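This one's a predicted model, so the numbers in the text were calculated from it and none came from an experiment. In the text below, chain A, chain B and the rest are named by the order of the sequence lines, each starting its count at 1.
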2 protein chains.
Amino acid sequence: MYSIGDLSRRTGVKIPTIRYYEQMGLIAAPERSEGNQRRYEKPELERLAFIRHARDLGLSIESIRDLLALSRHPERPCGEADRIAKEHLITVREKIAQLQKLERELERIVACNGDHTIGDCYVIRALADHSMCGGDH
Amino acid sequence: MYSIGDLSRRTGVKIPTIRYYEQMGLIAAPERSEGNQRRYEKPELERLAFIRHARDLGLSIESIRDLLALSRHPERPCGEADRIAKEHLITVREKIAQLQKLERELERIVACNGDHTIGDCYVIRALADHSMCGGDH
DNA sequence: TCTAATGCTCCAGAAGCTATAGGTTTGGAG
DNA sequence: CTCCAAACCTATAGCTTCTGGAGCATTAGA
């Protein structure tokens with residue numbers, strides 16, 4: 001028997017977020033106490049931990065909903081779960097590649113020592129004039 | 001003399017986004033035609049191009065507002081512009097590091113060949129049980 | 001029994017747009 | 001000059017994933 005606060009402490013998911021997940025249908029509406037407070041059991045704790053972990057990995061609510069639906073059918077082949085994770089891996093890799101491009105450009109822009117004036121500042125000029133950045137984006 | 005549509009085509013910033021930037025104070029409210037339509041000049045085009053480029057680099061509206069304010073004082077030292085860019089570089093690097101962690105974990109999770117069932121699926125189990133992932137996050 | 005901590009619902013806001021509805025203006029063709 | 005489609009206007013709501021506050025009710029422990 002956990003209160004929403006217990007659940008929050010044990011999973012690291014904030015209380016309003018738990019209620020939000022309930023609203024979004026990621027977790028079922030739990031039993032209530034006589035005074036209308038939410039009362040959870042162990043399975044809900046585990047489910048929430050699953051969600052937390054998946055969110056930490058950057059999976060969308062939508063993907064998590066799919067994975068949770070899959071996990072309710074342990075007899076089915078797991079190709080679909082695999083696909084969701086692989087697809088996510090691809091988007092993570094794309095994001096990394098894009099950020100590394102930005103990193104390189106920012107490094108070039110930042111190679112200024114700060115001892116001159118705005119009128120002459122490479123940061124400002126690079127932002128104003130796209131052609132200065134090598135044009136790879 | 002550009003209409004908002006011209007400006008949009010020339011900078012690649014969508015029309016509602018231009019109006020949004022105006023509302024957010026990134027660009028000044030321009031002159032209007034007799035019929036109340038926005039009419040822009042070259043400086044506004046350049047300013048919008050600046051904003052577009054900075055957004056592409058992932059700078060926040062807030063940071064861009066600061067940089068634009070700085071660029072109106074070309075006589076001041078540019079240390080502040082430099083600081084904003086450097087700070088952003090740091091957050092980009094942090095994001096990259098975090099995504100690379102996720103990449104490693106997803107690679108481990110995804111190392112399943114999809115020919116078994118959900119009940120036995122590493123993706124699902126890894127998400128349910130945090131301890132399986134090496135515990136580095 | 002009392003009270004502090006915790007919980008409830010409802011609503012607003014954050015970031016950075018995007019979209020829709022319902023109306024007006026513009027610019028070019030005839 | 002007239003007509004019409006394309007472009008424009010405002011206002012408002014929605015997206016995603018939460019987070020925080022107001023105002024009130026419940027719970028658990030001293």
For chain A, the stretch of DNA chain D it reaches, first to last nucleotide, under 4.0 Å of its heavy atoms: dT17(D) to dT27(D)
Main-chain N/O of Pro43(A) paired to Glu46(A) side chain as donor or acceptor, under 3.5 Å: no
Under 3.5 Å, is there a donor-acceptor pair between the side chain of Arg55(B) and the main chain of Leu59(B)? yes
So does Arg10(B) pair up with Asp6(B), basic N to acidic O under 4.0 Å? no
Interatomic distance, CE@Met1(B) vs NZ@Lys42(B), rounded to 0.5 Å, equals 15.5 Å
Supply the atom-to-atom distance Tyr21(A) OH to Ile64(A) CD1, rounded to the nearest 0.5 angstrom. 6.5 Å
Closest nucleotide of DNA chain D for Gln37(A) versus for Arg39(B): which of these residues is on the 5' side? Arg39(B)
With a cut-off of less than 4.0 Å, is there a side-chain N or O of Ser33(B) near OP1 or OP2 of dT25(C)? no
So Arg32(B), base contact, sugar-phosphate only, or nothing? Heavy-atom distance under 4.0 Å. sugar-phosphate
Leu7(A) backbone acceptor or donor facing Thr11(A) side chain under 3.5 Å: yes
Using whole Å, what does the distance between atom P of nucleotide dG16(C) and atom CE of Met24(B) come to? 10 Å
Rounded distance [0.5 Å steps], CG in Leu26(B) versus CD1 in Ile18(B): 12.0 Å
Select from Ile61(B) and Gly35(B) the residue whose nearest nucleotide in DNA chain C is closer to the 5' end of that strand. Ile61(B)
So, does Arg39(A) use its side chain to make a donor-acceptor pair with the main chain of Tyr2(A) at under 3.5 Å? no
When rounded to whole Å, the OH to C1' distance for the pair Tyr40(A) and dG7(C) reads 11 Å
Do the side chains of Arg38(A) and Glu22(A) get close enough for a salt bridge, i.e. N-O under 4.0 angstrom? yes
Write down the atom of Pro30(A), the atom of Tyr40(A), and the distance for their closest heavy-atom approach. CG-CE2, 3.4 Å
Ser3(A) side chain: which of dT9(C), dG16(C), dG7(C) is closest? dG7(C)
Can you measure Glu31(A) atom CD to dC8(C) atom P for me and round it to whole angstrom units? 14 Å
Using 4.0 Å as the upper bound for N to carboxylate O, is an ion pair formed by Arg65(A) and Glu62(A)? yes
How many whole angstroms separate atom CD of Glu62(B) from atom P of dA15(C)? 8 Å
Let me test you: for the helix from dT1(C)-dA30(D) to dG30(C)-dC1(D), what is the angle between the axes at its two ends (five pairs each), rounded to 10 degrees? 10°
Can you pull out the residues from residues 13-23 of chain B that lie within a 4.0 Å heavy-atom distance of DNA chain C? Lys14(B), Pro16(B), Thr17(B), Tyr20(B), Tyr21(B)
